[in-house]
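These numbers come from a predicted model, not from an experiment.
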Amino acid sequence: MANKRLRTVELPEHPDFLWTQKSPKKSYDAIIVGGGGHGLATAYYLAKLHGMTNIAVLEKGWLGGGNMARNTTIIRSNYLWDESEGIYEHSLKLWEGLQEDVGYEMFFSQRGVMTLAHSVSDVRTKMRNYYANGVADIDSEWLTPAEVKKIAPVVNISDDIRYPVMGATYQPRAGIAKHDWVAWGYAKAAGDMGVDIIQNCEVTGMIIQDGKIQGVQTNQGDILAEKVALVGAGHSSVLAEMAGFQIPIQSRPLQALVSELLEQVLDTVIMSGMVHVYVSQAHKGELVMGAGTDAYNSYAQRGGFHVIEHQLSAAVELFPIFERAHLLRTWGGIVDTTPDASPIVGLTPVENLYLNCGWGTGGFKGTPGSGWVMAHTVATGQPHELNKGFNLNRFKTGHLIDEHGAAGVAH
Amino acid sequence: MSKVTFKFDGKKYKGKAGESLATALLRNEVLHFTDSAYRDRPRGVIGLGHEEPNALVYVDSGAGEPMIPATVVPVVEGLVARSLSGAGYLPDTRDHSRYDKKYKHVDVVVVGAGIAGLKAALENAKVGKDVVICDEQDRPGGHLVHLGQEVPAELLAVLNLPNVTYLPRTIVNGLYDQGYSVAIERRTDHETSKVSKQKARIRTWHFRAQQTILATGAYQRHLVFANNDLPGIMLSHSAATYVARDGVDVFKSAVVITVDNQGYRDAIRLHNAGVQVNAVVDCRQSASGPAVDAVRAAGIEILFGKTAIDACAKKKKGTVKCVNVGNLDGTESACIDADLVAVSGGWTPTVHLATYIGVKPKWAPELAAFVLPAATKWLSSVGMVAGDFGGDDSPAIFFGPAQTEEQALSAYVDFQRDATLRDVRRAIKAGMQSIEHVKRYTAIGTAHDQGKTSGTITMGLIGAALGKAPDEIGSLTFRSPFVGIPFAALAGRERGQVADPVRRTPIHALHEGAKAPMEDVGQWKRPWYFPNGKEKLHDAVLRECAAVREGVGVMDASTLGKIDIQGPDAAEFLDRIYTNMFSSLKVGASRYGFMCGVDGMVFDDGVTTRLGENHFLMTTTTGGAAKVLDWLEEWLYTEWPDLKVYCTSVTEHISTVAIVGPKSRNLIAKLSPTLDVSNEAFGFMENKYADVAGIPARIARISFSGELAYEINVEAWYGAHIWESVMREGKEFGITPYGTETMHVLRAEKGYVILGQDTDGTQTPMDLGMDWIVSKKKDFIGKRSFTRSDTARAGRHQLVGFMPVDGQVVIPEGAYVINAADAAKPAPVAHTGYVTSSYMSAALGRSFAMGMLANGAARHGEQVAIPFGGKVIMAQVTEPLFFDKENTRRDG
Amino acid sequence: MLNIPCPWCGPRDETEFHYGQEAGVAYPENRDEISDELWAKFVFYRANPKGWHAERWVHSAGCRRWFNVWRNTINHEFGESYKPFEPQPKSPA
Ligand SMILES: Cc1cc2nc3c(=O)[nH]c(=O)nc-3n(C[C@H](O)[C@H](O)[C@H](O)COP(=O)(O)OP(=O)(O)OC[C@H]3O[C@@H](n4cnc5c(N)ncnc54)[C@H](O)[C@@H]3O)c2cc1C
Ligand SMILES: [Zn+2]
């Protein structure tokens, strides 16, 4: 520890103007339900790439206040199956130019993401992932415990812990970003292009005629639209039900936590599915951590404390230097989990009504890609090649895209 | 109180044992405590406890603290601390303190041992309820402790009742569903500056209470005016407490800036303690009440309709010199000298705990505060947090005067984040209207103190700017914990080898004695291989494999899950669960079976033995045992209650020692002289009961290697005896213990799959080339899914063998397979399969592999390419069977 | 840490239980006849209401029995619990 008092990094200020709070017009060419990251990105790409600016984003609360405000911001694309590699890698490529494209600082930091393996079979599973990424030309490395230690000296690689580190996959291009800045960047850019951003506007029903969407009912009155996109994350089941169909989603609490601001000790992102912990140290110095989902369905945005305790016991095992750090704040989001841990992005049984959900515990990284393919889908009425596989039909045909991996959570 | 010596920022000081570090430093005239995080502003203490935003310290001594307010650090002999500027350090040394946990069911938890809390505890204790009462302070009394007053004896008595547990220095940190709460008791830091060997430093309490009563009181807030952060500007209640109770005498003169009658009470305390109070500046037009009268009587000047507009610092010291007092609109201001500017900005009830479980505090304009609404089923509140301010406070709803752009730059809202009125104004101008947005735009409320003093102020300022009441701009949900908790405390004793339970077989000690490295399989420890001296995995496995194929090997198979299934409908039940038929199994015989999920994908396998007409013993994979038992019971309870079947986990009841290899028959004959071991009398997949090494055993002729093999099953506690006997009696046959790795190679040579290795939850039995295991005669779970279009599709990935053209190359497991035509293409390149198992085979004298290949069953003979490690190797696709294709060896 | 009312044992901590999603989803009788669509409903689709939810739990670390219970997914409040095949009590809503 240095003798001089540590000074933390101060983030730059947000711009002088972000968006104006609009009241809804009578009708729009398209309405996006849900002002989270995915909804805002959809609006942005619709306006920017498809020239659709007579559109509105309806958000029932405050913009970006759902999972977008609550996630641990891990970004990576080293998924297992082709479909996932396709959409997440497209997303990562967009991330790589996003700050310039949108014109907003997002603290996108390609500090690498390491996924630890703790048993012989865990190593085997992760190895497969590593090779899958290799043939797909997604940057991926295999690290020995010593290499893990070199990149992240705070990791305990000794044999003397319950589940020792036996290796890791590492994606150097992966990393983190600042969620609020991402949401606000998209919102501002969309607003600047003429998209109406309407907060405190809860969609309460769908106006459907002859199997075709006509608009939505809201607490601010009916709003008509040619097309409607449902991008409600944790609330997707509720939205689908308004439109008269069911989706294979279960809404679960997912919790995360931060410590106080601390001197930088970790400059990469570390995930461990087997002991359920993932951690990064944010720009200002707080440790940001997440765990597995709580077991039951919930819309309460909170979970059980035992999940946090369990996670911290795993954390101090893997990172003994974290012992003294303080748990400063915990919170929960509502994640929309699917049977195969892959999203649902595409058409619905209702004409001109589109659905984007099921990103579960791992959709922050997908924000640009999700918005991009969703914009394509809404604008053209057809899924893009990249989201074709993520249709609702797969639960009928059995063509699942199972990204559970060996152990649970896929962040 | 005894005098002690402590160190702060490298300097030695004297203090009184037990007082807070902040008190001791104030007494030692440390007003300029630190500099702010971003703006380098000199800062001093403003608060009394966890609300303190400025005086953060790093504690070197004892267990150490990376960052904690000096207001809650007890002074003890040898304490070493240093000031921080909003960010702490993690020293790279281990904390050897102990942390433990307690769980308690109780009728009532009372949070806060102030008067209101003590009363509530008394009421409940009187009617015989079990009560726990926690308080963060080291003694009961809450506010009275600040005032240095005695708690009435009849209230204090409650703490001695047998049905009352009083926990001082204990903070209830979170409130959860159905009366669950978590509290942190600090047990040693007030006694010693060393790591305590005897006592747990922190105890984490988990309460489940029928009733939880919040008596958490309130924090005072400051006002937002220019330079309101100068050292010497403090919350009035804190300042008066330091001066009047603790005898801090650094302040000679004071001005009180107030919005309520609390300011008057504090003015009197200061005055009585000998501080010259130059004025009480009240933003209200008038005030009345005993405290006001007392101030008048003391001859202290009262300025109504005025407030602080700005403050000036002493040139050298940087502490406050005078406060600029004027009209609320900022006009007509003039300076009044003071070493201490005591600010009473109103009370913010400590509603935090309740908000996390969804209680929305309501705005009480007459109290200028958010208070908790009426009780819910199990949660109620008393005292200030419930809006009972107990008197005549009559606060104005006022958060600060009008400020110019210039003034707003130094009018701090959140001291720790250096966030100012100017930041709030910018946020609103930028379009932010919700408190959550402003918070994020400005970082207010996100620091160590979690906005304890700044939260309501921010809402008030936004409301004022937008012409709305504070509750119209959203509501703050405070997240648990209420104050920071060391990670180590929450990890408790779930550390090291007991972080997760370890399961060991009864033979484990012998394996350790043999220096076998262990493989973690689920929670089980299994010998991975048995090295000869310094032998490495690769060599050991080749040796072990050869020994099994040529002589006899022994393996501890006790970890396999075992489920005892009994009842008149057991056979019918198994027919529904397994893809193959079990009702046709003869008593005394065993059969290998597959289970699928309803989605038709294989999820567990194992051998099940019919021990009696209505009695089966199922084995499962080592890692899958619990999951399978759950699965069986789910179907029995929720779908087929008419089936009379009972399932019991007996995994730990039985030790299983497998002896495997051509010489296993000689060995079993030697171990069990009464057993007829001839192939005719004891055939493949049959079971016999006989004594083995003097112990009653069930011997099963089961093979997972293709070799002649016997599994000796005994009561668990005889496991080690059997193992030792096998090792001893097997010596003449060259008995060789082997581990999981050799087991994997042997089975792979025979093309037997390991679930979880060769499968990943996306394979049907047909994908694995095991159509034979799928009964056409009956229904079973998952069958319906086989006809779904994708599942029934031709060309799915199917299990095949991969023979590297170069038999010395072992393909890494997990490697992806591409078409031979693409061999020279750089990535990205389309793949056609992947390798799941790959080994060097002693028996084959070469490497081999298995894996999944698109349309694989039709591609035997084809060459494919496998890129890895910067090269591409070619392999031949074969059937997934490599050794003893005619199955000649299993009968010896 | 929910406090879950097991109808056999009484209220117990959540960590003793496993979750079983929507209650009362029957294994289709006529499996061979129903469409892939209906079959998919059984395999993958479960109710996910915001509000009162009739759901299944199993008391794994207790009596090991399954049961059903009403629970509000907005605030985690429990309603009545009932045993498998008992008639479902009315929603507390
Ligand atoms: C604790 C936690 C940690 C996570 N960590 C990661 C991570 O490290 N990496 C990663 O990639 N992902 C992570 N995720 C997942 C990620 O946050 C989500 O997948 C992603 O944010 C979902 O998309 P979104 O941003 O659009 O969702 P949201 O922000 O939830 O947006 C949905 C919006 O729809 C609104 N809405 C719902 N119903 C209605 C209605 N009827 N009318 C109007 N509006 C409505 C909601 O209010 C909400 O604002 C994490 C999630 C959580 C909770
Ligand atoms: Zn029970």
- Query: Considering all heavy atoms of both residues, which atom of Y637(B) and which atom of P84(C) are nearest to each other, and what is their separation?
  - Reply: O-CB, 3.7 Å

- Query: Between E633(B) and V58(C), does a side-chain contact (heavy atoms from CB on, under 4.5 Å) hold up when you go through it step by step?
  - Reply: CA-CA 9 Å; E633(B) 289 184 338; V58(C) 58; 5.5 Å; no

- Of all the heavy-atom pairs spanning D36(C) and S789(B), show the shortest one and how long it is. OD2-N, 4.0 Å

- With a 4.5 angstrom heavy-atom cut-off, which part of W39(C) approaches chain B: side chain, backbone, both or neither? side chain

- Note on the structure: On a heavy-atom basis, the closest approach of V25(C) and E639(B) is O-OE2, 3.4 Å

- Message: Let me confirm one number: the CZ-CG distance from R65(C) to L636(B), rounded to the nearest 0.5 Å.
- Response: 13.5 Å

- Where does F67(C) contact chain B at under 4.5 Å (heavy atoms): side chain, backbone, both or neither? neither

- Task: Report the C-alpha distance between D599(B) and F44(C) in whole Å, list the side-chain angles of each, state the deciding distance to 0.1 Å, and finish with yes or no for side-chain contact (heavy atoms from CB on, under 4.5 Å).
- Result: CA-CA 9 Å; D599(B) 61 354; F44(C) 294 120; 4.3 Å; yes

- Query: So which heavy atom on I781(B) is nearest to which on Y27(C), and how close?
  - Reply: CA-OH, 3.8 Å

- Heavy-atom proximity to chain C below 4.5 Å, by part of L629(B): both

- Task: Could you tell me whether K783(B) and D32(C) have a side-chain N and a carboxylate O separated by less than 4.0 Å?
- Result: no

- Hey, does D177(B) have a side-chain heavy atom less than 4.5 Å from the side chain of E14(C)? no

- K362(B), NZ atom: more than 12 neighbouring heavy atoms under 6.0 Å: yes

- Note on the structure: Residue from R788(B), E634(B), K377(B) scoring the most non-hydrogen pairs under 4.5 Å with chain C is E634(B)

- Message: Can you tell me if K776(B) has over 12 outside heavy atoms packed within less than 6.0 Å of its NZ?
- Response: yes

- Donor-acceptor contact below 3.5 Å, side chain R31(C) vs main chain R784(B): no

- Donor-acceptor contact present, side-chain R208(B) to main-chain D13(C), <3.5 Å: no

- Message: Quick check on N75(C) against chain B: is it the side chain, the backbone, both or neither that has a heavy atom closer than 4.5 Å?
- Response: backbone

- Message: Is D630(B) in contact with chain C via its backbone, its side chain, both, or neither, using a 4.5 Å heavy-atom distance?
- Response: both

- Choice from H18(C), E77(C), K83(C) maximising heavy atom contacts with chain B below 4.5 Å: E77(C)

- Report yes if some heavy atom in the side chain of Y176(B) is under 4.5 Å from a heavy atom in the side chain of M1(C); otherwise report no. no

- With only heavy atoms counted, which part of I74(C) is less than 4.5 Å from chain B, the side chain, the backbone, both or neither? neither

- Donor-acceptor contact below 3.5 Å, side chain Q178(B) vs main chain N3(C): yes

- Message: Given heavy-atom pairs under 4.5 angstrom as the criterion, report whether the side chain, backbone, both or neither of R56(C) touches chain B.
- Response: side chain

- Atom CD of E572(B) with >12 non-hydrogen neighbours under 6.0 angstrom: yes

